[in-house]
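One structure is given here, and the rest of the page talks about it.
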Amino acid sequence: MAEFEPVLLRRILKNASPSLEAYRADGGYRALDKALAMSPADVTKAVVDSKLRGRGGAGFPCGVKWTFLPKDHPGPIYLCVNADESEPCTFNNRILMHQDPHQVLEGMIIASYAIRAQVAYLYIRYEYGDATRAMQQAIDEAYAAGLLGKNILGKQGFDLDVYIHRGAGAYICGEETGLIESLEGKRAWPRIKPPFPAVEGAFRKPTIVNNIETLACVTHILDRGPEWFKSMGTPADPANPRDAGSYGPKLYCISGHVNKPCCVELPLGVTARELIDKHGGGVWKGRKAKAIVPGGISMGFLTADEIDTKLDFGSLGPFTKNGCLGLGTAAVTVIDEETSMVDVLYNICRFFEHESCGQCTPCREGTGWMLKIVDRIRKGLGRAEDLNILEEVGHQIGIMPGTTICGLADGAGWPVKQAIRKFRAEFESYIKSGKKTHTLQLVAAH
Amino acid sequence: MPVLSEALKEKIKSYFPRYPSKQAVTLPALHLVQDELRCVPLEAIREIADLLDLSPAEVHDTMSFYGIFRDEQHKLGKRRLWVCRGLACALRGGEEVLASVCEKLKVAPGGTSEDGKITVEFAECIGVCEGAPAVLIDDSGRPDVTLDKVDALLTELRA
Ligand SMILES: Cc1cc2nc3c(=O)[nH]c(=O)nc-3n(C[C@H](O)[C@H](O)[C@H](O)COP(=O)(O)O)c2cc1C
Ligand code: SF4
Ligand code: FES
């Protein structure tokens with residue numbers, strides 16, 4: 001197979017300047033020209049045809065979501081760009097915004113044209129100050145060049161304003177309706193759905209929420225065409241009408257116990273093994289991997305035996321053999337053989353207990369109980385039956401069992417269920433050993 | 001005694017045209033105030049509410065949801081140093097960096113050094129995991145802050 005040539009990271013790998021001038025010299029805003037020569041419906045169709053699936057975690061087909069907007073709505077319609085990127089171990093949106101902001105902005109402008117939005121809010125987590133400043137600079141340049149504002153590039157009636165809205169340090173603002181509430185100036189409590197944002201979103205108006213990487217893909221789909229996009233990745237299984245396939249390039253983040261943590265771009269469907277060995281420089285200190293987080297900590301774990309699993313939308317999921325929650329953000333974190341899974345699970349449970357917004361009792365209390373139980377086990381006070389209780393709580397909280405408003409709870413329960421299912425023997429022997437861990441450090445860092 | 005200067009109020013008002021509701025200016029206003037005053041005093045909450053046609057309780061409700069904002073009793077030091085305790089960082093020594101920073105500044109996470117120069121926080125993943133262990137200085141990520149670099153970092157922040 002021919003060596004894959006990065007597209008999303010193309011300019012970043014060359015250390016190209018983020019300025020508008022340099023971006024244009026590299027062919028930037030050609031895709032926007034092409035889009036403006038088409039009707040909004042045809043732009044949407046190109047994105048539908050490309051089979052692009054959202055990169056923010058849920059993998060919903062992007063173009064199809066755009067078609068859910070009410071027809072002939074008098075407006076306003078909003079685009080909310082999700083740059084909250086708070087799923088632990090995920091950092092690709094940061095790299096895109098900080099180092100190639102016009103690529104992202106071009107996708108935002110094309111999407112706004114397609115969905116007839118005249119205002120786009122770019123919701124960036126507070127922690128991304130450098131990326132925020134890079135995006136603001138790009139926005140300012142775009143206004144000066146007639147790429148934003150009124151009658152963009154001379155296209156009568158195509159007006160767009162882009163505003164950055166800074167977050168304030170809460171994971172739940174990444175959930176699309178939490179993001180909308182936060183944008184509106186309230187606590188980021190996710191809304192009960194339906195109505196979905198496409199029907200009633202920001203300021204009670206039709207709204208499309210898309211991830212940064214999704215919109216960067218839109219830029220290239222318009223530039224190179226849907227067929228180009230579909231030439232990459234894992235095709236849909238023809239025997240399974242519900243499989244939407246995994247097409248296009250994907251940014252994979254690699255972190256944890258590897259020699260070279262990094263972000264790489266590859267066609268969807270690369271295996272965890274290839275990512276770790278070829279791109280991450282292998283497991284550090286000559287050790288082996290014990291567990292692999294396949295797509296952010298909400299997704300669960302792959303064991304060392306599952307290292308040849310393809311990382312795409314179809315190969316990870318509740319009904320696959322590995323049973324992970326999904327591809328998530330495709331952020332791979334390697335945990336080496338010397339690290340205690342009790343410590344790892346403690347770190348993960350602590351995160352979700354801290355980030356639950358507290359609206360739904362099963363999530364608010366469940367994340368607290370799971371943390372308490374894992375903490376108790378860690379401190380040497382665990383009981384054999386604790387593992388079953390952990391599994392049960394993990395099973396009971398979330399949208400899937402139907403007890404909560406948003407998916408944070410599914411993501412909190414999943415790593416717990418998977419840790420107990422896949423590493424039960426380690427937890428049992430820890431409990432039996434009478435070992436007590438009081439320090440916060442993950443031991444294998446030494 | 002009003003605490004928001006006219007200039008600051010004007011800055012807040014300059015956000016109005018961006019949104020169809022004034023309430024949406026709550027987060028921008030809180031950020032602007034805290035950047036300038038290093039906290040959001042109760043009186044500022046009242047003044048923001050006035051500007052945004054809200055009740056002070058609504059502004060406070062939003063503010064208290066986000067861990068980033070501080071009241072007068074917990075005013076920020078000159079610099080804010082967040083040490084990441086997320087999984088990717090913890091796997092590479094992040095918790096030890098946090099412990100070391102706290103020990104050297106003689107504060108618990110959330111606290112400010114006695115000279116008022118550095119406020120220490122723990123952070124959940126700050127999105128710099130390829131440079132774990134990482135820290136955030138105010139709103140700027142810094143990769144590869146291993147234990148041996150803590151002293152130099154604190155000296156830099158005190159300057
Ligand atoms: C708890 C939670 C956190 C989320 N965090 C993010 C996030 O940080 N960034 C993101 O793009 N999507 C996040 N999502 C997914 C969004 O709700 C939404 O599906 C996504 O932004 C849609 O964009 P896409 O279709 O382009 O992927 C999160 C979902 C949940 C349940
Ligand atoms: S599931 Fe958890 S995070 Fe989501 S709305 Fe309910 S309490 Fe909040
Ligand atoms: S876990 Fe620390 S930056 Fe991501």
Side-chain angles (χ1 to χ4, degrees), chain A residues 76 85-91 93-94 119 121 125-130 132 161 163 165-171 182-189 203 205 253-257 261-263 293 297 331 333-336 339 343-344 347-348 350-351 354-355 357 439-442 444-446, chain B residues 15 17-31 34 52 54 58-59 61-69 82 84-99 121-134 136-141 143 146-147:
Chain A
E85 187 164 74
S86 315
E87 179 67 25
C89 309
T90 310
F91 48 93
N93 289 183
R94 185 205 86 227
V119 176
Y121 294 107
R125 65 181 300 199
Y126 177 80
E127 292 81 350
Y128 284 179
D130 297 322
T132 302
D161 285 308
Y163 301 117
H165 192 91
R166 292 190 81 172
Y171 172 65
S182 178
L183 173 72
E184 292 182 0
K186 303 174 208 154
R187 42 178 63 214
W189 273 0
F203 310 106
K205 300 292 178 191
C253 299
I254 311 172
S255 65
H257 292 156
C262 62
C263 172
V293 173
I297 62 173
T333 306
V334 176
I335 294 153
D336 76 17
T339 304
D343 287 349
V344 169
N347 180 285
I348 291 176
R350 187 181 62 184
F351 173 80
H354 189 249
E355 297 299 332
C357 84
T439 54
L440 283 172
Q441 290 94 313
L442 292 191
H446 299 283
Chain B
Y15 278 76
R18 298 181 174 203
Y19 307 95
S21 89
K22 283 191 182 167
Q23 184 168 18
V25 180
T26 304
L27 279 188
L30 290 168
H31 278 308
Q34 179 155 298
L52 306 188
L54 298 169
E58 286 170 295
V59 176
D61 182 60
T62 299
M63 170 177 154
S64 62
F65 182 79
Y66 301 93
I68 220 160
F69 301 114
W82 311 75
C84 182
R85 63 177 199 178
L87 182 62
C89 285
L91 289 170
R92 298 176 80 101
E95 296 276 15
E96 287 145 294
V97 174
L98 178 60
E121 312 254 10
F122 65 76
E124 302 300 350
C125 176
I126 53 173
V128 191
C129 330
E130 79 272 47
L136 191 72
I137 300 166
D138 300 322
D139 68 1
S140 223
T146 40
L147 258 190

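The sequence lines fix the lettering, A, B, ..., with proteins before strands; numbering per chain opens at 1.
- One finds a salt bridge joining B/Glu95 and A/Arg350 here, because a Lys/Arg side-chain nitrogen approaches an Asp/Glu carboxylate oxygen to under 4.0 Å.
- For B/Leu136, the part lying under 4.5 angstrom from a heavy atom of chain A is the side chain only.
- Closest heavy-atom contact between B/Gly127 and A/Arg125: N-NH1, 3.8 Å.
- There is no contact between A/Asp161 and chain B, counting heavy-atom distances below 4.5 Å.
- Both the backbone and the side chain of A/Cys89 have a heavy atom closer than 4.5 Å to some heavy atom of chain B.
- Residue B/Tyr15 does not touch chain A at all, counting heavy-atom pairs closer than 4.5 Å.
- At a 4.5 Å heavy-atom cutoff, A/Glu85 makes no contact with chain B through either its backbone or its side chain.
- Of the atoms belonging to B/Pro17, it is backbone heavy atoms, and not side-chain ones, that fall under 4.5 Å from chain A.
- Contacts of A/Thr132 with chain B are absent, with no heavy-atom separation under 4.5 Å from either backbone or side chain.
- Heavy atoms closer than 4.5 Å to chain B are found in both the backbone and the side chain of A/Leu183.
- With a 4.5 Å cut-off on side-chain heavy atoms, A/Lys205 and B/Pro20 do not count as touching.
- At least one donor-acceptor pair closer than 3.5 Å links the side chain of B/Thr62 to the backbone N or O of A/Gly185.
- Contacts of A/Phe203 with chain B are made by side-chain atoms alone, with heavy-atom separations under 4.5 Å and no backbone atom involved.
- You'll find the side chain of A/Phe91 stays beyond 4.5 Å of the side chain of B/Cys125, heavy atoms only.
- Residue contact with chain B, scored on non-hydrogen atoms closer than 4.5 Å, involves the backbone and the side chain of A/Cys357 alike.
- Neither the backbone nor the side chain of B/Val25 comes within contact range of chain A; no heavy atoms are under 4.5 Å apart.
- Ring centers of B/Tyr19 and A/Tyr121: under 6.0 Å apart, within the cut-off.
- Contacts of A/Thr90 with chain B are made by backbone atoms alone, with heavy-atom separations under 4.5 Å and no side-chain atom involved.
- Only the side chain of A/Val293 comes within contact range of chain B, with heavy atoms under 4.5 Å apart.
- Counting heavy atoms from C-beta outward, A/Arg166 and B/Leu27 have side chains that stay 4.5 Å or more apart.
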